[in-house]
Peer 1: 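Below: one structure in structure tokens.
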Amino acid sequence: MGATAPVFADTLDDVKKRGFLRCGTGEAKAGFAMPGDNNQWQGMEIDYCKALSSAVFGDETKFEVVPVTSKVRFTSLTSREIDVLVKGTTWTYSRDAKLGVDFAAYWFFDGQGFLIKKELGVTSAKQLNGATICISPGTTSEKNVADFFRTYDMKYKPVVIKAGPETLDALQKGRCDVITNDLSALASDRQKFTNPDDFVVLQDNIAKEPLSLYVRQNDSRWKDVITWTRNALVEAEELGITQENVGQHAKHPIDPRVARLLGAKGAYGEMLGLPNTWAHDAISAVGNYGEIFERNVGEQTRMGLTRNLNQQWYDGGLVFAPPFR
Ligand SMILES: N[C@@H](CCC(=O)N[C@@H](CS)C(=O)NCC(=O)O)C(=O)O
């Protein structure tokens, strides 16, 4: 009886053989994932795809954007239509435990709120008793809103809309009074209206929504690539490495931490099955974590988001990279 060797998934090998990676992103969310000029996808989620493509191939263009709805995103991953799920997806216990996926890294600490027509005169979520609420199926938003209304003994009527971007149209046309979603997504949604001042995002934050990168379960090497690419972008910010100065730092590293990260000392890329310039290439493609945030969704953009929890740990936020050593 011949024993069969266990088969281990190794998406890193598959991606290298294929010559590009498939990146599961949002469908249409300005600042996060949205086709822009010349139909080129842009946004924070897309920058993660570029960073990963650069880390693996030394080339930021070796990826395909696969927009996925909230409902199918996990099956897209487990059925191998995508290699990594970047779309604003919260890390939760039951997803990790039940869905055949693994959490690889946080990329945005978010919360959940409500977007509402100003004319309704509502100023707090606790005044939403009896409201009609547009919700996407398969989201944490759907479950949290149920909890919130139960806790405060209020009633609501859900209007379930499969494709996320269509919820905007539903709000505009009065099919619902309110949209509930991640606060970052609501900020993005609001500025899509021709008359954004007619809408308001309420102050309430009803849930923790740590948006995370997901991979298939038991795919450890690939998971490490995803985790540490995110960590490299975060570490770069802490060490003062930017898209502009990364080349200079790589040539003349003074701080040994910089030398290790950028491949000037040791063989840190090799340990992961990547070129030793992997972090250098990712940073020169998209910049450090702070640059990615500011360019796509920061205060100078139409989204106008402040860093809040997405500040570095030394500034009082939750963004932290473990040591590269
Ligand atoms: N963080 C929530 C995600 C909520 C979500 O996916 N919302 C949809 C429904 S409005 C969305 O933003 N879709 C637009 C897009 O991803 O482009 C979760 O993990 O379930």
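Read the numbers this way: they start at 1 and go in the same order the structure lists the ligands and their atoms.
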Peer 1: Does either side chain, that of Glu81 or that of Ser79, offer a donor lying less than 3.5 Å from an acceptor on the other one?
Peer 2: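 Looking only at side-chain atoms, Ser79 and Glu81 do form a donor-acceptor pair, the distance falling under 3.5 Å.
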Peer 1: Examine distances only and state if a side-chain atom of Gln243 and a backbone atom of Ser284 form a donor-acceptor pair shorter than 3.5 Å.
Peer 2: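 Side chain of Gln243 to backbone of Ser284, a donor-acceptor pair under 3.5 Å: yes, one is there.
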Peer 1: Less than 6.0 angstrom separating the ring centers of Phe63 and Phe57, yes or no?
Peer 2: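 No, they do not, as the ring centres are separated by 6.0 Å or more.
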Peer 1: Looking at side-chain heavy atoms only, is the closest gap between Glu119 and Asp198 below 4.5 Å?
Peer 2: no
Peer 1: I'd like the contact residues of ligand 1, where contact means a heavy atom below 4.0 Å.
Peer 2: Gly26, Glu27, Ala28, Lys29, Ser70, Arg73, Lys87, Gly88, Thr89, Thr90, Arg95, Ser136, Thr139, Thr140, Ser141, Gly164, Asn181, Asp182, Glu209, Leu211
Peer 1: Are the side chains of Gln127 and Leu120 in touch, meaning some heavy atoms are under 4.5 Å apart?
Peer 2: no
Peer 1: Side chain of Asn144, backbone of Ala207: donor and acceptor closer than 3.5 Å?
Peer 2: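 A pair under 3.5 Å: no.
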